[in-house]
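Below: the structure, in structure tokens.
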Amino acid sequence: MIDTDRMHEWMQESRSCCGSGRTADYIPELAKVPPDLLGICIHPIGSRPAGFGDCGIPFTLQSISKVFTLILALMDRGEEEVFRKVGMEPTGDNFNSMVKLELVEPGKPFNPMINAGAITITSLIAGGTANERFERVLRLIRTLAGDDSIGCNEAVYRSEAATADRNRSLAYFLKHNKVLEGDVESHLDVYFKHCSIEVNCGHVARMAMILANQGRDPESGGQLIPARYVQIAKVFMTTCGMYNASGEFAIKVGIPAKSGVSGGILGVVPGRMGIGVFGPALDEKGNSVAGVHLLEKLSQAWELSIF
Ligand code: GLN
């Protein structure tokens with residue numbers, strides 16, 4: 001049972017950290033969100049979810065989608081083909097950095113959680129057209145979140161597509177190096193769209209709960225994702241899910257997690273629960289200030305660390 005009074009206390013304390021962060025402004029539509037929102041949903045395996053604060057406010061998945069595009073690409077292509085294109089190592093750089101692309105193994109992105117890696121992964125998703133590939137990502141998200149009404153936030157999608165000079169340059173660099181094949185613009189279009197899938201904390205908590213349950217939906221008993229691919233996703237979340245703050249997050253919170261520049265965080269507590277957090281004010285690495293603070297509190301109180 002969750003102690004509601006304590007939860008509200010932690011939420012208030014975490015909300016007070018929002019002032020030290022800022023909403024993402026390189027995607028103009030994200031800059032419009034009030035920075036002091038904070039919501040969380042906890043979904044234990046096999047019992048009802050519990051939501052607190054602004055847990056019903058919609059936000060876009062942004063980089064949280066990278067976990068699910070990786071899973072889908074693995075399901076479509078298998079490990080060998082995926083890891084021929086994308087590496088398995090953290091970079092220690094920002095999520096949209098290009099530094100290592102040229103320095104180390106020319107053209108091969110270090111991992112699927114940075115933008116270069118995720119754009120490459122998006123290109124591996126099966127489907128005849130860009131729209132079909134996006135629809136397959138959306139279908140996976142809807143199934144895991146348990147809500148068929150989930151869709152794409154058109155304004156955020158258009159806002160990112162219109163301002164994505166950096167992602168475009170990464171993608172064309174990847175094409176030049178023959179990592180990305182086919183039509184770059186259509187790969188980017190699918191990428192911008194899956195980043196713009198709109199969810200709330202409850203959806204993210206349910207998606208995380210299924211990962212915490214090794215890919216099995218405890219309600220239907222269906223194996224939605226092969227356990228091996230959930231294992232791979234959890235490894236990347238642990239080593240690179242919080243960008244170049246993943247080491248610090250592992251020490252302070254200690255759970256596989258993935259954040260997005262909208263301020264969302266998906267947290268997986270293996271065998272126990274899924275967590276969805278939303279707090280749009282970000283620190284300089286692009287992680288939710290209040291969200292990380294709140295997860296730290298929960299991890300200490302409930303002994304969530306896997307280490
Ligand atoms: N759509 C965003 C981008 O490509 C996702 C980045 C993120 O959430 N870190 O820049």
Side-chain angles (χ1 to χ4, degrees), residues 26 61-126 133-134 136-137 140-141 160 164-197 211 229-247 249 256-261 264 266 285-287:
Y26 75 100
L61 280 175
Q62 298 302 332
S63 280
I64 296 174
S65 62
K66 293 177 166 87
V67 174
F68 302 97
T69 48
L70 168 66
I71 286 171
L72 197 53
L74 284 166
M75 288 166 79
D76 286 346
R77 310 272 179 176
E79 280 178 55
E80 218 183 288
E81 195 175 336
V82 166
F83 294 121
R84 234 193 336 259
K85 293 270 185 189
V86 180
M88 303 180 187
E89 305 302 334
T91 62
D93 302 322
N94 289 336
F95 61 83
N96 55 8
S97 174
M98 10 193 123
V99 155
K100 295 242 164 59
L101 274 184
E102 195 154 30
L103 272 186
V104 190
E105 193 177 347
K108 187 172 171 179
F110 263 50
N111 68 70
M113 300 289 118
I114 51 169
N115 288 8
I119 294 167
T120 307
I121 290 288
T122 297
S123 77
L124 297 178
I125 290 169
R133 292 192 284 124
F134 167 69
R136 292 189 64 244
V137 181
L140 177 66
I141 301 292
E160 175 162 14
D165 300 327
R166 198 171 172 104
N167 280 332
R168 268 202 180 84
S169 56
L170 280 175
Y172 279 97
F173 185 81
L174 291 167
K175 166 101 182 188
H176 174 81
N177 283 320
K178 302 191 171 50
V179 174
L180 210 58
E181 292 168 58
D183 180 34
V184 178
E185 287 300 327
S186 80
H187 296 317
L188 283 166
D189 198 54
V190 178
Y191 173 82
F192 300 145
K193 276 198 181 128
H194 70 62
C195 285
S196 304
I197 292 175
L211 299 183
Y229 298 154
V230 174
Q231 183 181 52
I232 292 173
K234 284 188 295 187
V235 172
F236 281 119
M237 286 196 265
T238 306
T239 57
C240 343
M242 304 297 283
Y243 317 122
N244 42 338
S246 298
F249 187 83
K258 183 75 202 86
S259 65
V261 285
L266 171 145
K285 304 238 168 104
N287 294 314

Exercise. Pick from His194, His187, Lys193: which one makes a side chain to side chain donor-acceptor pair (under 3.5 Å) with Thr122?
Worked result: His194
Exercise. Side chains of Phe249 and Met237: closer than 4.5 Å at any heavy-atom pair?
Worked result: no
Exercise. Do Thr69 and Val137 pass the side-chain contact (heavy atoms from CB on, under 4.5 Å) test, and can you show the C-alpha distance, the side-chain angles, and the key distance before you say yes or no?
Worked result: CA-CA 7 Å; Thr69 48; Val137 181; 4.1 Å; yes
Exercise. How long is the gap from CG on Leu74 to CD on Glu80, to the nearest 0.5 Å?
Worked result: 12.5 Å
For this session: Please round to the nearest 0.5 Å and tell me the distance separating atom CD1 of Ile64 and atom OG of Ser259.
Result: 7.0 Å
For this session: Could you check if a side-chain atom of Tyr243 sits within less than 4.5 angstrom of a side-chain atom of Asn94, using non-hydrogen atoms only?
Result: no
Exercise. Can you tell if the side chain of Ile119 reaches within under 4.5 Å of the side chain of Leu188, non-hydrogen atoms only?
Worked result: yes
Exercise. What salt bridge (Lys or Arg N to Asp or Glu O under 4.0 Å) pairs are there with at least one residue in residues 168-178, not counting sequence neighbours?
Worked result: Arg168-Glu185
For this session: For Ile121 and Ala73, work out which heavy atoms get closest and say how close.
Result: CG2-CB, 3.8 Å
Problem set entry | Student check: side-chain heavy atoms of Tyr229 and Ile232 closer than 4.5 Å | yes
For this session: Indicate the atoms forming the closest heavy-atom contact of Pro109 with Lys85, along with that distance.
Result: CD-O, 3.4 Å
Seminar exercise, completed: Scanning both residues in full, the closest heavy-atom pair of Arg133 with Ser123 reads NH1-CA, 3.9 Å
Problem set entry | For the student: nearest non-hydrogen atoms of Pro90 and Phe110, plus distance | O-CD2, 3.4 Å
For this session: Of all the heavy-atom pairs spanning Val86 and Gly117, show the shortest one and how long it is.
Result: CG2-O, 4.0 Å
Problem set entry | Heavy-atom neighbours of Glu79 CD exceed 12 at 6.0 Å | yes
Seminar exercise, completed: Separation between CE (Met75) and CD1 (Ile125), nearest 0.5 Å, reads 11.0 Å
Problem set entry | Ser63: side-chain hydrogen bond (donor to acceptor under 3.5 Å, both in side chains) partners, not counting sequence neighbours | Lys66
Exercise. Below 4.5 Å, heavy atoms only, C-beta onward: do Thr120 and Tyr191 meet side chain to side chain?
Worked result: no
Seminar exercise, completed: Minimal heavy-atom distance between Ala116 and Leu174, with the atoms involved, is O-CD1, 3.5 Å
Problem set entry | Any side-chain heavy-atom pair of Met88 and Phe236 under 4.5 Å | yes
Problem set entry | Residues Tyr26, Asn96; criterion side-chain hydrogen bond (donor to acceptor under 3.5 Å, both in side chains); working and verdict | CA-CA 12 Å; Tyr26 75 100; Asn96 55 8; 5.3 Å; no
Problem set entry | Pairing residues for Asn111 by the side-chain hydrogen bond (donor to acceptor under 3.5 Å, both in side chains) criterion, not counting sequence neighbours | none
Exercise. Taking Lys258 for the side chain and Leu266 for the main chain, is one N or O donor matched with an acceptor at less than 3.5 Å?
Worked result: no
Exercise. Does Phe173 reach the side chain of Asn177, with side-chain heavy atoms less than 4.5 Å apart?
Worked result: yes
Problem set entry | Intermediate values then yes/no, side-chain contact (heavy atoms from CB on, under 4.5 Å), Ile141 and Leu61 | CA-CA 10 Å; Ile141 301 292; Leu61 280 175; 3.9 Å; yes
Problem set entry | From CD1 (Ile71) to CG (Leu211), nearest 0.5 Å | 5.0 Å
Exercise. Passes salt bridge (Lys or Arg N to Asp or Glu O under 4.0 Å), Lys108 versus Glu89? Steps please.
Worked result: CA-CA 11 Å; Lys108 187 172 171 179; Glu89 305 302 334; over 6 Å; no
Exercise. Taking side chain as C-beta onward, heavy atoms only, is Arg166 less than 4.5 Å from Asn115?
Worked result: no
For this session: Test side-chain contact (heavy atoms from CB on, under 4.5 Å) on Met242 and Lys285 and set out the steps.
Result: CA-CA 8 Å; Met242 304 297 283; Lys285 304 238 168 104; over 6 Å; no
